[in-house]
Amino acid sequence: MADEAKDNHLQQPLEHTELSERKQSSLHHSLLGPSLQKAGQDAVDQSKVAEIIYQASLGSKFFKHEEKRDEQLTKKVEAILARKQYLESIDLSSELRRIDERISHLVRERDLSQFIVHVDCDAFYASVEELDRPELKNVPMAVGKGVLTTCNYKAREFGCRSGMAGHIAQKLCPQLISLPLNFGKYSKKAEEIREIMAKYDPRYEAASVDEAYLNITPYCKAHDLDPATVVSRLRAEILEKTKISVSAGIGPNATIAKISSNKNKPNGQFIVPNNHEAVMDFMADLPVRKVNGVGRVFERELVSVGINTCKDIYPMRGMLHDLFGEKVTNFLIYCYLGIGRTEIRPVDEYERKSVGTERTFADLWGSNRLRERMKLTAEDLEKDLEELNLSFRTLVLKVKLHTYGVYSRQRALHRPIHIAQDIYQYALPLLASLETEFKDKGGLKIRLMGLRGTALIERNKKVQGFFGKWVGEAGSREGTKRKQLDAEGWEVWPQEEFEQMDDHQNQTSKPVARIQEDGQEDERAKDITFEILSQGISSTENLHDLSQQKGKKEKEPGGQLQEHEQEQWRCPICNHSMAPDDRIFNEHIDWCLSREAIRDVVKESSSSNIQEAVTSPPPKRLKMMEKKKPTGATSGLFPLFKQKQR
DNA sequence: GCGGATCAC
DNA sequence: TATGGTGATCCGC
């Protein structure tokens with residue numbers, strides 16, 4: 001949650017001591033997690049908390065992974081420092097002129113005419129729970145099992161924070177009461193709050209369940225009130241009507257409003273006046289970590305080159321471009337000047353870019369179980385796509401190994417999909433490729449699997465035919481029912497290839513899709529298809545085993561495959577057998593997927609609009625707002641905390 | 001376009 | 001016993 005978002009620096013400054021001590025110190029810092037130092041933490045001895053977390057984490061796989069990441073980051077930081085040392089020895093005056101010109105331009109052009117407000121509910125989930133059970137107000141309480149989603153201020157006194165592992169929190173605070181999440185309850189409460197905010201700015205921007213941006217400039221003018229008074233009334237009205245206390249920040253742009261809303265939390269507000277000097281003063285002593293977009297990693301890089309607060313950016317301006325690149329330099333200059341976006345707009349004017357689902361579970365391995373899990377994941381994704389009425393054209397499979405390393409494999413499809421069976425089917429080769437890669441690294445043993453669709457397409461979108469006639473619904477559920485098979489469409493495939501494929505299907509008695517005589521494939525047939533694909537597990541199992549043998553073979557000179565000609569790989573899509581060769585196999589998969597793709601397009605279209613169906617332009621999109629923040633400025637882009645209760 | 005990494009919440 | 005889920009963006013290739 002936003003009100004507890006950022007790290008604290010350890011209270012002890014980093015001494016220049018042994019390397020190992022430095023390393024340990026940065027790891028302590030890293031293990032503190034992504035949220036600290038917000039309200040409620042003042043009385044906490046952070047170094048003591050860090051030590052407890054460190055001790056409790058020691059030896060765990062999670063810890064080992066953090067250690068590895070920390071070492072990587074240390075190397076990166078060393079490279080940056082070396083580069084900095086070099087840059088200090090050369091003439092930067094030309095870059096300085098360039099950037100100073102840019103700075104004065106930005107100052108000239110800056111917009112200080114708007115009053116932007118960031119409203120942030122205090123410990124929102126915990127507060128909502130306390131409304132139902134007031135007795136919890138006086139005891140340390142957290143929401144969320146496994147990992148704390150948020151906790152009340154009593155719990156924060158013990159060092160508990162959002163994002164913290166549940167068992168660590170229990171160690172810090174044995175009497176901690178933790179409640180399960182109840183998203184329905186929080187959304188309902190959030191809606192009450194939004195109704196009130198809408199009165200102050202009907203175009204408010206919900207940044208998450210518990211956060212929103214408002215532009216109260218028109219309201220102030222209309223009622224002849226100053227912004228601080230307006231926000232006081234807004235907060236009072238929210239508290240009175242919803243019994244939820246909120247904090248707010250007011251400033252000339254979203255970035256400053258956001259940072260300000262944390263200044264007097266909980267139940268307070270802070271205003272930065274709309275003039276250049278006030279903004280510069282406000283930013284000057286602000287730790288860079290407080291700025292949206294600067295996370296743990298970037299903070300460490302910045303601190304390593306001597307940038308702790310935003311004013312430290314200025315003396316470094318001449319080498320920022322060389323050290324961090326164009327985007328980051330622009331971002332840092334914005335930080336230094338306190339520039340941010342002033343345009344606030346409703347969330348539904350933003351375009352969704354992806355939809356996905358993922359789940360953590362007990363360590364899982366074995367082709368069979370992995371595929372079972374993937375089928376469930378595909379079904380989850382189908383449900384989400386159904387609610388959103390979307391299809392997608394790029395599929396991403398993500399896994400987290402039991403050792404916490406994350407890997408993903410994606411593929412652009414030749415047609416939009418949204419049905420679980422299709423998702424599963426197209427995900428199979430992605431999974432197979434990961435299994436192959438990890439075969440000689442101890443196998444694919446994972447603790448998380450996820451599927452995500454990108455390149456989204458709205459379903460139920462009419463596709464226009466040659467003569468402006470509406471001819472059907474592209475990608476809709478109805479459309480995928482494959483009502484009609486157009487004979488013309490099949491011509492794109494050389495006849496012999498189909499005969500060949502049919503041969504294999506006959507051999508194995510496992511046709512991937514049973515097309516009936518009249519060209520129809522009903523729902524029952526699709527279910528059969530899905531079952532067959534699940535059975536495909538066994539065929540991919542073969543692939544699994546064979547790839548291991550192939551791995552050995554590749555080391556042999558002249559790696560011909562004749563000795564093991566009896567061993568074949570099977571396509572997880574059509575069950576076609578082929579020589580155990582990477583290139584052949586991959587080419588076949590490509591072919592197989594595109595064959596599916598075009599066949600489906602053909603079937604979904606009437607004969608008159610095959611061309612359009614294949615080359616149909618993407619549906620109209622809402623224009624994306626020009627982003628003022630160059631890095632990671634996703635705040636507000638995708639607000640409605642769409643976590644699902646399962 | 002793909003894969004890894006970072007970030008917000 | 002044992003550290004989340006959803007979504008976005010950027011970089012390097």
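So you know, we letter chains A, B, ... as the sequences are listed, proteins then strands, and number each from 1.
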Give a yes/no answer on whether the side chain of [X] brings an N or O atom under 4.0 Å of OP1 or OP2 in [N].
| X | N | answer |
| --- | --- | --- |
| A:K171 | C:dT3 | no |
| A:S354 | C:dA8 | yes |
| A:S162 | B:dC9 | no |
| A:K145 | C:dG4 | no |

Between [N] ([atom2]) and [X] ([atom1]): distance, integer Å:
| X | N | atom1 | atom2 | value |
| --- | --- | --- | --- | --- |
| A:R289 | B:dT6 | CZ | C1' | 11 Å |
| A:L148 | C:dG5 | CG | P | 14 Å |
| A:F298 | B:dA8 | CZ | P | 11 Å |
| A:L448 | C:dT3 | CG | C1' | 12 Å |
| A:I52 | C:dT3 | CD1 | C1' | 17 Å |
| A:K290 | B:dA8 | NZ | C1' | 15 Å |
| A:L381 | C:dG5 | CG | P | 15 Å |
| A:D70 | C:dT3 | CG | C1' | 17 Å |

* For A:F63, which contact category applies under a 4.0 Å heavy-atom criterion: base, sugar-phosphate, or nothing? -> nothing
* Asked: Contact class for A:R447 vs. all strands (heavy atom < 4.0 Å): base, sugar-phosphate, or nothing?
  -> sugar-phosphate
* When you check the gap from the basic side-chain N to the acidic O, do A:E386 and A:R459 get nearer than 4.0 Å? -> yes
* Asked: Do NZ/NE/NH1/NH2 and the carboxylate oxygens of A:E205 and A:R341 come within less than 4.0 Å?
  -> yes
Given [options], identify the nucleotide with an atom nearest to the side chain of [X].
| X | options | result |
| --- | --- | --- |
| A:R359 | C:dT3, B:dC7, C:dG5 | C:dG5 |
| A:F62 | B:dT6, C:dT3, B:dC9 | C:dT3 |
| A:E211 | C:dT3, C:dA8, B:dC9 | B:dC9 |
| A:V355 | C:dC11, C:dT3, C:dG7 | C:dG7 |

* Most 5' of A:S57 and A:R452 on DNA chain C, judged by nearest nucleotide -> A:S57
* Structure fact -> Between A:K400 and A:F324, whichever has its closest DNA chain C nucleotide further toward 5' is A:K400
Would you give the length of the straight line joining atom [atom1] of [X] to atom [atom2] of [Y], rounded to the nearest 0.5 angstrom?
| X | Y | atom1 | atom2 | result |
| --- | --- | --- | --- | --- |
| A:I307 | A:L332 | CD1 | CG | 6.0 Å |
| A:T357 | A:L376 | OG1 | CG | 10.5 Å |
| A:L448 | A:F361 | CG | CZ | 6.0 Å |

* Asked: Aromatic ring centroids of A:Y404 and A:F62 under 6.0 Å?
  -> yes
* From CA spacing to verdict: side-chain hydrogen bond (donor to acceptor under 3.5 Å, both in side chains), A:R102, A:N330 -> CA-CA 9 Å; A:R102 172 147 177 74; A:N330 284 334; 3.0 Å; yes
* So A:R447 and A:T360, side-chain hydrogen bond (donor to acceptor under 3.5 Å, both in side chains) or not? Walk me through it. -> CA-CA 6 Å; A:R447 73 188 324 279; A:T360 297; 4.5 Å; no
* Does the base of C:dT3 carry an N or O that pairs as donor and acceptor with the side chain of A:S60 under 3.5 Å? -> no
Find every protein N or O atom lying less than 3.5 Å from an N or O atom of nucleotides 1-3 of chain B, and list the pairs.
unit_1 : atom_1 : unit_2 : atom_2 : d
B:dC2  : OP1    : A:A412 : N      : 2.6
B:dC2  : OP2    : A:Q410 : OE1    : 3.3
B:dG3  : OP2    : A:Q410 : N      : 2.5
B:dG3  : OP2    : A:Q410 : O      : 3.4
B:dG3  : N7     : A:Q410 : NE2    : 3.4

* When the C1' atoms of C:dG4 and B:dC7 are considered, how many whole Å apart are they? -> 15 Å
